[in-house]
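One structure below.
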Amino acid sequence: MHGVGGSNPLAPTNEKKGVTLSLPFFVKPFRVHTRRGNMKEQIQTLLEQAIAILKEQGLLPADTAPAIQVDRTKDKTHGDLATNLALVGAKAARKNPRQLATEIIDHLPASPLVLKVEIAGPGFINFYLNPDWLAGQVENALADPRLAIPLVAHPQSVVVDYSSPNLAKEMHVGHLRSTIIGDAVSRTLEFLGHKVIRHNHVGDWGTQFGMLLAHMEEKRRDGVEISMQLADLESFYREAKGRFDASIEFADRARQLVVELQSGDAYCNQLWREFLEISLTHCQQIYDRLNVALTRKDVIGESAYNDDLPKVIEDLTTAGLLTENQGARCVFLDEFKGKDDELLPMIVQKKDGGYLYATTDLAAIRFRLRTLHADRVLYFVDHRQSLHFQQLFAVARKAGFAGADTRLEHMAFGTVMGDDGKPFKTRSGGVAKLAELLDEAEARAYALVREKNPEMADDELRNIGRVVGIASVKYADLSKHRTSDYVFSFDQMLSFEGNTAPYLLYAYTRVASIFRRGDIREDQLRGKVILEEEIEKDLAGKLVQFGEVVHRVAEKGWPHLLCGYLYELSGVFSSFYQSCPVLICENDEIRQSRLKLSLLTARTLQQGLSLLGIETLERM
RNA sequence: GCGCGAUUAGCUCAGCUGGAUAGAGCGCUGCCCUCCGGAGGCAGAGGUCACAAGUUCGAAUCUUGUAUCGCGCGCCA
C-alpha cells in the first residue's frame, strides 16, 4: 500500500524532456509508431518529403532540420490541419516565411488526404482534408472490430500498481482515484496491445495487524462470531484501536502478536489469513460494483515481499549505497537535500531491525524488473508521496534494479475535496466509505431516472440507476486532470448537462434508439459514406481522431483526454442529429450514410467508455 | 528553511510539442417543439490567463523572480 492521497513526479518528466531536448531540431522520434489512420503523421510525412526535395534542389541548406509540427486548427477558416513549418524554418533558410511556405507547398507530393493547401497569415500552411478520404476512414473503422485502431508495433510489459488499499480498514473515498484511474489506464494499454500486469499492492502487513489480531483473539475468547464482527471493518478497527489505547495488557499482546506473526507463528498466521480473507472479499465486492478489472490474482501485497527484504538490504550494500546513521540503515543521495544542504535519507531499516515501506517498495521494483522484466512500471498513488517516489526511483536505478531504459512513473493524482474545499468527508465528519458513496450515487441516479420515466418497470429503473450512478462517480473522477484536486459533487456528476456520464450515456442511447426504432441491423447497412453537410464532415473528422486520443491516454496516463474527446464527439453528434435527419431522410443513399455515421459514433462511444470501465445502456 | 504542485469567466473545469480572435459546462439573456428521444440544439453577454521581468517572429504554455494557497521533508504507510 502506498497510503492515500497525489502530485507529479520530477523523475519521469525529466527523463522524457531530456530525450527530446538532446535531439537536434528535427528528427523527432515517433513515440507511437506510424499508423495509417493518423492524419497528422501522414501530413508530417508529406512535409518531410517536400523538405527533402527542397534540400536536393538547393532551395534549403542541407543542414536545416526544422521540427515538423502538425496541429489541428481551432478555426475552420484555417482548414483542418496546419503546420508552422515555414515560420520555424524561415530563419535557417534565410527566406521570409511566406516565400518558404510557397516553396514547401509547391513540392508537396500529392496525397489522397488533402483537398487543398493554402498559405495563411504570417506563413502558416493550412491543409483541408479531402471528404472522400475521411469517408473512407469511416468505412475502414466500421469494418474493423477495433475501429481501425492498430495495435502498437512494440508491445511493452507494463506493471500497473493501483488501488492498493490498506486491508486493515474498509475502502474509503481516498481509494477511489487510484482504483478508477489506474483501471482505465490499464484497459487502455491493454487495448493497444501492451501486456499489462496489474498489481494490487495491498497493505497486509505491519504493526496495526497485531492490534487487529489481538482484538480478534479477545472476541473469539468471549465467544463472539468473528466473521459477523468483521462485516464492518471500520468499526472493528476503531474498537481494536480503542482497546489498544485503553489497555496496557492489550497493547502488549498486540505487539507480541506482531512479533509472532512476523516470525511465522502458525496460530498468528491463521488469524491473520482469516482477517485478510474477509477484508479482501470486501474489496472485491467494491471492484465488482465499480466494474474494475482487479481480481484476487492481482493481489500482491506488502507481505509478498517479506522474504526479499533482507536481499534488498544486501543488494544496496553491494552497490555501496548503504550508510548507517543513528542506528538506522539509510541511503543518501546527493540529489535529495533538506535544510542546510543536509542530505535527506531514505531509511530502509530501522534501528530495531524492522523494515519500512521504502524497503518493500524497493523489493517490489526489484521483483517487477528482475523477475517480471517490466519495461514500464506505473504507480497510481496520490501526489503527497511524490518525494518518496523520486527517491525510490533514484535508488532503484542506482542499485541496478532498473536500467536507464525502464520507465518508472509516479502517476500522481490530487485529493477529492468536499464542497467546503477541504478533503471530502461525510456529513458527520468521518471518512466516507466507498460502499456508502456508491449506494448514494445509485439511489440518486435511480430517483432521477424514475422521475423521467414514471412508466418504466422498476427492475429496469434499478439497473439504469445502478449503471448511471456508478458511471457518474467514475466519470466525474476520470474527466478531471489527474494531478489536480477536484470537488466531489453528486449534483454535478449526475447532471445531464455538461461533461458528465449521463450526457454521454444519453448520447449513446439516442443512437441506439435510431436503430431500434428503424428496426435496422448493422449488417443491413449498405452504400458508401457520403460527406456533404459541414456537420457530417465535422462528425467524421471527430470520429477519425479517436485512435490518436487513445494512444495519448496510454502514453501520459491521462484518461481525462479520452473523456474530453467523448464529450466533444457527443456534442458534434447532437448537432448532427439536430440538423441532419437520419431515419426520415428521403434520399436512401444519404440515409444509409448517416446511419453509418451514427453507428460509428455509437461504437466509438461504447469503445471509449469501455476503456474507461464504464458500461453503456440501450435505453435510459 | 528547503522541495513539489497549483493560480485561466461569478462557480466547476479544459487548453495537446510555444502558434492565428482564449475554450466548455453550470448560472444569466434570447431563440428553435406540424421535427428520428427537448434528458436536445442554436445564439449572446462574461476573462489584464495571480503579478513582474526575460527568451521568441509569436507566450496561458518556456526561464527567472514575487505573491497567495495546498502538500511533503529520519526510523508511520
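Side-chain atoms are counted along with the backbone in the values below, which use heavy atoms only and exclude waters and symmetry mates. Order of the sequence lines fixes the chain letters, A, B, ..., with proteins taken first and strands second; residue numbering starts at 1 for each chain.
Remark: the A:N166 side chain and the A:Q208 side chain contain an N/O donor-acceptor pair separated by less than 3.5 Å. Side-chain contact check for A:T77 and A:D75: at least one donor-acceptor pair (N or O, by modelled atom type) lies under 3.5 Å. No donor-acceptor contact under 3.5 angstrom links the side chains of A:N200 and A:Y162, judged on distance only. Between A:Y128 and A:E118, the side chains place a donor N or O and an acceptor N or O closer than 3.5 Å (distance only, hydrogens not considered). Judged purely by distance below 3.5 Å, without hydrogens or angles, the side chains of A:S303 and A:D204 pair a donor atom with an acceptor atom. A donor atom on one side chain and an acceptor atom on the other are not found under 3.5 Å apart for A:E302 and A:Y357. In this structure, a donor-acceptor pair under 3.5 Å is absent between the side chains of A:Y305 and A:D361.
Distance check on atom P: B:G47 versus B:G10 gives 7 Å, rounded to whole Å. Comparing B:A9 with B:G5, their P atoms are spaced 22 Å from each other, to the whole Å. Spacing between B:A24 and B:C2 at atom C1', rounded to whole Å, works out to 39 Å. Nucleotides B:A22 and B:G65 have their C1' atoms positioned 26 Å apart, rounded to a whole Å. Taking the C1' atoms as reference points, B:G15 lies 28 Å from B:G72, given to the whole Å. Between B:C28 and B:A67, the distance separating the two C1' atoms is 33 Å to the nearest Å. Taking the C1' atoms as reference points, B:G19 lies 46 Å from B:A77, given to the whole Å. Nucleotides B:C16 and B:A59, compared at atom C1', are 16 Å apart to the nearest Å.
For B:A20, the base is stacked against the aromatic ring of A:H78, per a cut-off of 5.5 Å between centres and 30° between planes. By the 5.5 Å and 30° criteria, A:Y486 is not stacked with the base of B:C13. Under the stacking criterion of a centre-to-centre distance below 5.5 angstrom and an interplanar angle below 30°, A:F124 sits stacked against the six-membered ring of B:A20.
A:Q326 comes within 4.0 angstrom of a base, heavy atoms only. Within the 4.0 angstrom heavy-atom criterion, base atoms lie near A:I584. A:A358 comes within 4.0 angstrom of no nucleic acid atom, judged by non-hydrogen atoms across all strands. A:E342 comes within 4.0 angstrom of a base, heavy atoms only. If you check every strand for non-hydrogen atoms under 4.0 Å, A:F336 touches nothing. When heavy atoms are screened at a 4.0 angstrom cut-off, A:N453 is found touching base atoms of the nucleic acid. Within the 4.0 angstrom heavy-atom criterion, no nucleotide atom of any strand lies near A:M346. Note on A:L356: only backbone sugar-phosphate atoms sit closer than 4.0 angstrom, heavy atoms only; bases stay farther off. Across all strands, A:N166 comes closer than 4.0 Å to no nucleic acid atom at all (heavy-atom distances). A:R591 comes within 4.0 angstrom of no nucleic acid atom, judged by non-hydrogen atoms across all strands. When heavy atoms are screened at a 4.0 angstrom cut-off, A:C563 is found touching no nucleic acid atom at all. In this structure, A:N84 reaches the bases: a heavy-atom distance under 4.0 Å links it to at least one base atom across the strands shown. Within the 4.0 angstrom heavy-atom criterion, no nucleotide atom of any strand lies near A:P122. Residue contacts for A:A82: at a heavy-atom cut-off of 4.0 Å it reaches a base atom on one of the strands shown.
If you find the closest nucleotide of RNA chain B to A:I514 and to A:Q69, the one lying nearer the 5' end belongs to A:Q69. Across the interface with RNA chain B, nearest-nucleotide mapping of A:G571 and A:R72 shows A:R72 to be the residue nearer the 5′ end.
The distance between the ring centers of A:F496 and A:Y506 does not fall below 6.0 angstrom. In this structure, A:Y237 has its ring center no closer than 6.0 Å to that of A:F244.
Listed pair A:Y475 / B:G25 fails the phosphate criterion, with no side-chain N or O lying under 4.0 Å from OP1 or OP2. OP1 or OP2 of B:C73 has not a single side-chain nitrogen or oxygen of A:R384 nearer than 4.0 Å. The side chain of A:K91 places an N or O atom within less than 4.0 Å of a non-bridging phosphate oxygen (OP1 or OP2) of B:C57. For B:C42, neither phosphate oxygen OP1 nor OP2 lies less than 4.0 angstrom from any side-chain nitrogen or oxygen of A:S574. Between B:U12 and A:S489, no contact under 4.0 Å exists linking OP1 or OP2 to a side-chain N or O. Residue A:R517 places at least one side-chain N or O under 4.0 Å from the OP1 or OP2 atom of B:G37. Close to B:G15, at under 4.0 Å from its OP1 or OP2, lies a side-chain N or O of A:H560. OP1 or OP2 of B:G15 lies within a sub-4.0 Å distance of a side-chain N or O belonging to A:H481. Put simply, A:K350 has a side-chain N or O that comes within less than 4.0 Å of OP1 or OP2 on B:C76. At least one side-chain nitrogen or oxygen of A:K74 sits closer than 4.0 Å to the OP1 or OP2 atom of B:A20.
For the pair A:L566 CG and B:A14 P, the interatomic distance rounds to 16 Å; values are reported in whole Å. Here B:C16 presents its C1' atom at 15 Å from CZ of A:R482, a figure rounded to the nearest Å. As rounded to whole Å, 12 Å separates atom P of B:G37 from atom CD of A:Q578.
Taking only side-chain atoms of A:L344, from C-beta outward, the nucleotide of B:G37, B:C73, B:C57 with the closest atom is B:C73. Closest contact between the side chain of A:T73 and the listed nucleotides B:A20, B:C75, B:A24 involves B:A20. Minimum atom distance to the side chain of A:K480 is reached by B:C13, of the listed B:G38, B:C13, B:A20. Listed nucleotides B:G74, B:A20, B:G40 differ in distance to A:N126; the shortest reach to its side chain belongs to B:A20.
Taking both residues in full, the closest heavy atoms of A:V70 and A:Q44 are given as CG2-CG, 3.6 Å, listed atom of the first, atom of the second, then distance.
In this structure, A:Q99 places its CD atom where more than 12 heavy-atom neighbours from other residues, nucleotides or ligands lie under 6.0 Å away.
Within residues 417-425 of chain A, no residue is approached by RNA chain B to less than 4.0 Å at the level of any non-hydrogen atom.
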Per-residue pairing states of RNA chain B in dot-bracket (Watson-Crick or G-U under 3.5 Å; . unpaired, | other strand) read (((((((..((((.....[...)))).(((((.......))))).....(((((..]....))))))))))))....
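Under the 30°/60° scheme for interplanar angles, the aromatic rings of A:H481 and A:H560 are found to be tilted. Classified by interplanar angle (parallel below 30°, tilted 30° to 60°, perpendicular above 60°), the ring pair A:F573/A:Y577 is parallel.
Residues A:L167 and A:C283 form a side-chain contact, since some pair of their non-hydrogen atoms from C-beta on lies under 4.5 Å apart.
Taking only distance into account, the side chain of A:D71 never meets the base of B:A20 through a donor-acceptor pair shorter than 3.5 Å. Judged by distance alone with a 3.5 Å cut-off, a donor-acceptor contact links the side chain of A:S513 to the base of B:G37. Counting distance only, with no hydrogens placed and no angle test, the side-chain atoms of A:Y506 and the base atoms of B:A39 include no donor-acceptor pair under 3.5 Å.
For A:T83 (side chain) and A:L85 (main-chain N/O), a donor-acceptor pair under 3.5 Å exists by modelled atom type.
Nucleotide B:G74 carries a syn base; the chi torsion (O4'-C1'-N9-C4 or O4'-C1'-N1-C2) is within 90° of 0.
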